[in-house]
Amino acid sequence: MERKDFETWLDNISVTFLSLTDLQKNETLDHLISLSGAVQLRHLSNNLETLLKRDFLKLLPLELSFYLLKWLDPQTLLTCCLVSKQWNKVISACTEVWQTACKNLGWQIDDSVQDALHWKKVYLKAILRMKQLEDHEAFETSSLIGHSARVYALYYKDGLLCTGSDDLSAKLWDVSTGQCVYGIQTHTCAAVKFDEQKLVTGSFDNTVACWEWSSGARTQHFRGHTGAVFSVDYNDELDILVSGSADFTVKVWALSAGTCLNTLTGHTEWVTKIWPIGREINCKCLKTLSVSEDRSICLQPRLHFDGKYIVCSSALGLYQWDFASYDILRVIKTPEIANLALLGFGDIFALLFDNRYLYIMDLRTESLISRWPLPEYRKSKRGSSFLAGEASWLNGLDGHNDTGLVFATSMPDHSIHLVLWKEHG
């Protein structure tokens with residue numbers, strides 16, 4: 001049959017075929033298939049698969065596509081992104097799906113970010129960091145070398161670490177570079193705290209002193225304790241300094257004048273921790289907290305207090321009190337590892353350690369999700385020769401706050417051992 005005649009015949013057959021009922025169309029196709037040879041059947045098989053496929057992500061309204069995608073887990077969604085450019089575009093733009101996936105990983109969500117494609121990238125970054133934590137590969141270490149005697153006092157703020165030593169000096173270090181920013185001669189330091197202009201030190205000589213970074217001059221000297229001063233805090237606006245001592249007392253001082261305003265008693269052991277000074281000083285014991293009526297279970301000296309909760313570790317686990325009512329809200333047991341000490345406590349994560357490892361706990365599941373080996377660091381009665389670094393990530397990672405210092409401790413060789421977040425891969 002000539003091409004022109006064939007096309008005319010095909011048009012006529014098509015018009016007739018379209019006029020048939022569905023049943024008649026099926027019978028017609030069955031008859032044509034029965035007349036077909038191998039070449040025709042192969043052609044039919046190859047084309048039917050393409051004809052029968054329907055791209056629902058392309059055909060459905062975007063809102064319905066997003067609704068269906070919410071039922072898939074993130075790993076499946078990532079696989080679906082490989083199907084086609086269209087699928088990748090639609091899935092990547094499903095903000096709610098990726099935000100939920102990030103939250104489930106303990107990630108902080110900034111709802112002000114409007115870029116739809118942003119959250120898939122955040123999830124990919126989050127899953128990488130969480131994988132590093134699970135594989136115990138999220139951190140790296142370095143050392144600060146410069147002191148010639150025992151380093152007992154450590155204080156960290158905004159990327160700077162202050163160290164006080166028995167070599168009668170205090171140094172201020174840039175943690176990111178390992179460089180010493182300031183170094184001044186002091187007394188033996190048991191506690192340090194600093195700002196841009198000054199350094200405040202508590203000493204084994206039973207005094208507190210204030211020093212100027214730029215000149216190294218001592219600008220104030222506070223005398224009155226009868227034991228080593230293991231904790232200090234101050235507030236320039238209130239003109240107040242507070243010190244805790246091995247003489248079992250806490251003293252409140254006028255920062256500028258150096259005079260003692262009040263002495264607080266009641267402790268039966270060294271005062272090794274005082275909370276940051278707020279807007280006012282209330283020189284009154286509000287409550288004595290314990291985890292057993294006979295106080296047979298000892299609380300460890302390191303506490304977490306954020307104005308809302310008090311958290312402390314013991315041999316039985318972590319205890320969390322409500323600061324308003326002093327009720328115990330939560331007890332987190334750690335049966336697999338006993339006597340974990342608390343370094344930091346947040347909304348999502350807690351940082352703990354023992355003699356061998358640094359641990360990260362997911363507080364939502366109360367399980368330890370990562371650990372990092374620690375060297376044989378210098379141990380002390382009050383536990384002041386180590387500290388936690390950046391703390392914002394404990395309330396949830398965000399891709400930016402997992403940088404800088406995690407943990408610092410003084411070493412027997414007078415160096416300072418640092419545990420730092422490893423940069424994102």
Side-chain angles (χ1 to χ4, degrees), residues 14-15 17-26 28-29 42-135 137-138 346-349 360 362-367 369-370 392-403 421-425:
S14 299
V15 171
F17 183 79
L18 292 172
S19 66
L20 300 177
T21 64
D22 286 339
L23 181 60
Q24 290 171 334
K25 288 178 180 177
N26 291 343
T28 302
L29 290 174
R42 190 179 301 110
H43 174 77
L44 188 62
S45 176
N46 291 338
N47 285 277
L48 275 177
E49 186 177 1
T50 302
L51 292 171
L52 291 174
K53 280 185 176 179
R54 291 292 183 269
D55 189 338
F56 71 92
L57 281 186
K58 188 175 182 180
L59 298 174
L60 286 176
L62 201 57
E63 293 78 7
L64 282 178
S65 296
F66 286 169
Y67 176 78
L68 293 173
L69 292 172
K70 283 192 279 187
W71 295 93
L72 299 178
D73 63 271
Q75 193 57 49
T76 301
L77 288 172
L78 290 176
T79 303
C80 290
C81 286
L82 303 176
V83 171
S84 67
K85 290 183 178 180
Q86 177 66 20
W87 278 43
N88 182 50
K89 182 179 179 181
V90 172
I91 294 171
S92 298
C94 191
T95 301
E96 185 178 350
V97 166
W98 298 113
Q99 283 186 339
T100 301
C102 290
K103 287 180 181 177
N104 291 339
L105 289 174
W107 228 250
Q108 294 186 49
I109 299 301
D110 182 359
D111 294 322
S112 65
V113 178
Q114 301 298 319
D115 180 9
L117 300 180
H118 168 78
W119 292 108
K120 180 189 170 188
K121 296 176 184 176
V122 171
Y123 174 77
L124 292 173
K125 195 173 186 178
I127 201 69
L128 173 62
R129 181 57 95 193
M130 298 308 294
K131 182 71 165 56
Q132 289 177 335
L133 285 171
E134 291 171 6
D135 294 342
E137 296 177 349
D347 296 333
I348 304 295
F349 302 110
I360 294 179
D362 188 328
L363 293 172
R364 299 167 301 173
T365 60
E366 299 185 0
S367 59
I369 62 171
S370 186
S392 63
W393 64 271
L394 295 171
N395 293 321
L397 296 163
D398 64 9
H400 303 290
N401 59 9
D402 51 344
T403 59
W421 282 102
K422 187 182 293 183
E423 289 188 10
H424 282 277

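Worth knowing before you read on, the calculation uses all heavy atoms, side chains too, and leaves out hydrogens, waters and symmetry mates.
Surrounding OH of Tyr67 are at most 12 heavy atoms belonging to other residues, nucleotides or ligands under 6.0 Å away. Other residues, nucleotides and ligands contribute over 12 non-hydrogen atoms within 6.0 Å of the NZ atom of Lys25.
Note that CG of Leu48 is 9.0 Å distant from NE2 of His43, once rounded to the nearest 0.5 Å. Atom CD1 of residue Ile360 and atom CD of residue Glu134 lie 11.0 Å apart, to the nearest 0.5 angstrom. Remark: Trp87 CH2 to Ser65 OG distance equals 9.5 Å, nearest 0.5 Å. To the nearest 0.5 Å, atoms CZ (Arg364) and NZ (Lys103) are separated by 11.5 Å. The CG atom of Leu72 sits 11.0 Å away from atom CG of Leu78, with the distance rounded to the nearest 0.5 Å. To the nearest 0.5 angstrom, Trp98 atom CH2 is 7.0 Å from Ser92 atom OG.
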>> Show, in sequence, the C-alpha distance, side-chain angles and deciding distance for Leu20 and Phe17, and conclude whether the side-chain contact (heavy atoms from CB on, under 4.5 Å) test is met.
In response: CA-CA 5 Å; Leu20 300 177; Phe17 183 79; 4.1 Å; yes
> Going through the checks in order, is the side-chain contact (heavy atoms from CB on, under 4.5 Å) test met by Leu60 and Leu68?
Replying inline: CA-CA 10 Å; Leu60 286 176; Leu68 293 173; 3.6 Å; yes
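Between Glu137 and Lys422, no side-chain nitrogen of the basic residue sits less than 4.0 Å from a carboxylate oxygen of the acidic one, so the salt-bridge criterion is not met.
In this structure the side chain of Lys120 reaches within 4.5 angstrom of the side chain of Cys81, judged on heavy atoms.
In this structure, Trp393 and Trp421 have perpendicular ring planes: the angle between them is above 60°, well past the 30° mark.
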